[in-house]
Q: 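Attaching a single structure in structure tokens format; questions to follow.
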Amino acid sequence: MTESSEWLIYRGAGEPHDGIDRLPGPPPWRDFTSRDEAGAGDGSEDRRLGSHRHLAELHRPGAEELEMINAALYLRRPLLVTGSPGAGKSTLAHSVAYELGLGNVLRWSIVSRSALQDGLYHYDAIARLQDVQIAAQGGSGASAGTPGAVEGIGSYIRLGPLGTALLPSDTPRVLLIDELDKSDIDLPNDLLNVLEEGEFAIPELERVADRLPDGEAEVLTADGVKVPVRDGRVRCRAFPFVVLTSNGERDFPAPLMRRCIHLELGRPDHNRLATFVRAHLGDEAARAGDDLVTRFLERSRSELLAADQLLNAIYLTDAAATPGRDRLADLLIQRLDRPR
């Protein structure tokens with residue numbers, strides 16, 4: 001094996017070998033092992049903000065960025081953050097949650113099929129019907145305490161990220177509605193009433209509220225915790241800090257824009273990118289990859305690139321220690337707007 005290929009784990013040799021034992025630990029932003037540690041949360045803080053974020057304390061967001069974030073906090077309005085891929089839009093939500101001690105970020109990743117109902121709650125009517133049928137076959141019927149009974153209807157309801165964020169609490173939760181511009185044409189308008197009123201109804205609970213103890217049903221949250229919902233309505237006390245992100249692929253309706261504080265993140269400069277690398281990989285890697293940061297900035301003037309690509313390139317060229325460093329970096333940092 002040549003020196004330039006020593007770092008390869010999969011060799012395409014067509015024969016089994018123990019190369020997987022040489023695979024180093026994952027990059028910090030792809031390390032999911034902390035999920036297994038008691039009290040470690042979901043590990044999203046390290047993945048988003050960087051496991052070496054204490055080394056990046058000298059960096060501060062720009063004045064306009066700070067003002068718009070605080071305006072959204074003061075006014076209890078959603079913050080609409082636009083910018084190119086990898087500009088740090090999603091990281092902003094995690095940064096606010098971490099600094100203000102607001103817990104894990106609730107994330108709703110938008111796709112073309114996403115609907116308002118997905119963000120609010122899901123009622124598993126099929127599972128309830130199955131439990132009722134099983135109970136009936138066992139001769140117990142749907143009496144109190146049996147599966148499928150009215151008193152246990154909350155067991156079949158799980159709140160989505162938006163629904164969980166609107167639960168009553170003394171401090172706001174942070175909700176990230178990521179890549180809203182990927183949604184269909186109706187979702188931005190569908191969000192208006194919920195974001196304006198800070199409440200929503202669960203009809204399945206409203207219909208049976210008078211048959212529930214004290215009108216309450218225990219439902220599951222997006223965090224996996226059971227909470228009571230009274231009279232079939234969820235009403236916030238502290239309006240959540242809502243961050244809507246967009247890559248600028250479409251315009252949003254005026255009613256939504258009117259209800260949001262708008263922040264546009266520009267192209268990061270050398271200092272911001274270096275701080276980004278330092279937060280994830282540490283001082284040594286940031287110094288070793290400084291030339292890649294410079295090349296990345298030069299290319300980004302005429303090409304659409306993402307900061308995630310830069311992180312991948314710096315990490316892998318350091319881990320692989322291959323003589324073809326520049327070639328490998330160029331393979332990892334390919335323009336996102338190139339013709340397909």
Side-chain angles (χ1 to χ4, degrees), residues 44-45 48-49 53 56-110 116 119 161-183 187-200 235-269 271-272 275-276 279 307:
S44 59
E45 285 181 358
R48 285 287 176 177
L49 301 179
R53 55 182 174 270
E57 290 177 349
L58 294 178
H59 174 74
R60 294 290 182 271
E64 181 179 343
E65 186 176 335
L66 280 175
E67 288 168 353
M68 291 299 98
I69 292 171
N70 281 281
L73 284 167
Y74 271 78
L75 298 172
R76 277 69 171 179
R77 289 292 187 182
L79 181 67
L80 174 60
V81 187
T82 57
S84 58
K89 302 183 296 295
S90 301
T91 302
L92 186 151
H94 289 268
S95 179
V96 172
Y98 175 71
E99 182 173 323
L100 300 183
L102 299 179
N104 290 333
V105 173
L106 295 162
R107 180 172 183 149
W108 183 14
S109 297
I110 302 299
L116 177 62
L162 176 55
T164 301
L166 292 174
L167 285 169
S169 62
D170 294 329
T171 56
R173 290 297 301 269
V174 176
L175 170 65
L176 172 62
I177 303 180
D178 207 14
E179 298 193 338
L180 183 60
D181 50 336
K182 297 287 193 296
S183 72
L187 183 57
N189 283 318
D190 293 343
L191 285 168
L192 295 179
N193 187 65
V194 175
L195 293 179
E196 186 67 23
E197 302 301 330
E199 67 174 328
F200 67 97
R235 297 182 176 94
C236 73
R237 286 202 303 266
F239 188 79
F241 180 67
V242 182
V243 178
L244 309 163
T245 73
S246 167
N247 292 328
E249 295 180 2
R250 60 180 279 197
D251 293 328
F252 294 116
L256 178 68
M257 298 298 293
R258 177 172 64 84
R259 289 168 170 82
C260 294
I261 304 298
H262 185 201
L263 169 64
E264 183 168 0
L265 295 182
R267 192 166 59 91
D269 57 17
N271 180 59
R272 184 161 189 158
T275 301
F276 176 63

Q: To the nearest 0.5 Å, what is the distance between CZ (Phe252) and CG (Leu187)?
A: 9.0 Å
Q: Hey, what do you get for NE2 (His94) to CG (Asn104), rounding to the nearest 0.5 Å?
A: 9.0 Å
Q: For Leu176 versus Ser90, what's the shortest heavy-atom pair and its separation?
A: CD2-CB, 3.9 Å
Q: Any sub-3.5 Å donor-acceptor pair from Lys89's side-chain atoms to Leu265's backbone N or O?
A: no
Q: Just checking Glu249: does its CD atom have more than 12 heavy atoms from other residues, nucleotides or ligands closer to it than 6.0 angstrom?
A: yes
Q: Within the 3.5 Å criterion, strictly below it, is a donor on Arg250 or Ser183 matched to an acceptor on the partner's side chain?
A: yes
Q: Measuring from atom CZ of Arg259 to atom CG of Asn193, what distance do you get when rounded to the nearest 0.5 angstrom?
A: 8.5 Å
Q: Considering all heavy atoms of both residues, which atom of Ala93 and which atom of Val105 are nearest to each other, and what is their separation?
A: O-CG2, 3.9 Å
Q: For a side-chain contact (heavy atoms from CB on, under 4.5 Å) with Leu256, tell me which candidate from Leu180, Asn189, Asp190 qualifies.
A: Leu180
Q: Report yes if some heavy atom in the side chain of Val174 is under 4.5 Å from a heavy atom in the side chain of Leu100; otherwise report no.
A: no
Q: Rounded to the nearest 0.5 Å, what separates atom CH2 in Trp108 from atom CG in Leu175?
A: 8.5 Å
Q: According to the side chain to side chain donor-acceptor pair (under 3.5 Å) rule, which pairs have a member within residues 71-84, sequence neighbours left out?
A: Arg77-Glu196, Thr82-His262
Q: Hey, could you give me each pair passing salt bridge (Lys or Arg N to Asp or Glu O under 4.0 Å) that has a residue in residues 164-177? Not counting sequence neighbours.
A: Asp170-Arg237, Arg173-Asp223
Q: Could you tell me whether the side chain of Pro268 reaches within less than 4.5 Å of the side chain of Phe276, counting heavy atoms only?
A: no
Q: Quick check for you: to the nearest 0.5 Å, what is the distance between Asp181 atom CG and Leu244 atom CG?
A: 10.5 Å
Q: Using residues 62-73 as the side-chain source, report each donor-acceptor pair under 3.5 Å to any protein atom, sequence neighbours left out, with the distance given to one decimal.
A:
unit_1 : atom_1 : unit_2 : atom_2 : d
Glu65  : OE1    : Arg272 : NH1    : 3.2
Glu65  : OE1    : Arg272 : NH2    : 3.4
Asn70  : ND2    : Leu66  : O      : 2.8

Q: To the nearest 0.5 Å, tell me how far Leu192 CG sits from Cys260 SG.
A: 8.5 Å
Q: Establish, from distance only, whether the side-chain atoms of Asp178 and Thr245 form a donor-acceptor pair under 3.5 Å.
A: yes
Q: Can you check whether Leu92 reaches Leu263 side chain to side chain, under 4.5 Å on heavy atoms?
A: yes
Q: For residues Gly103 and Ala97, report the shortest heavy-atom separation together with the two atoms involved.
A: O-CB, 3.6 Å
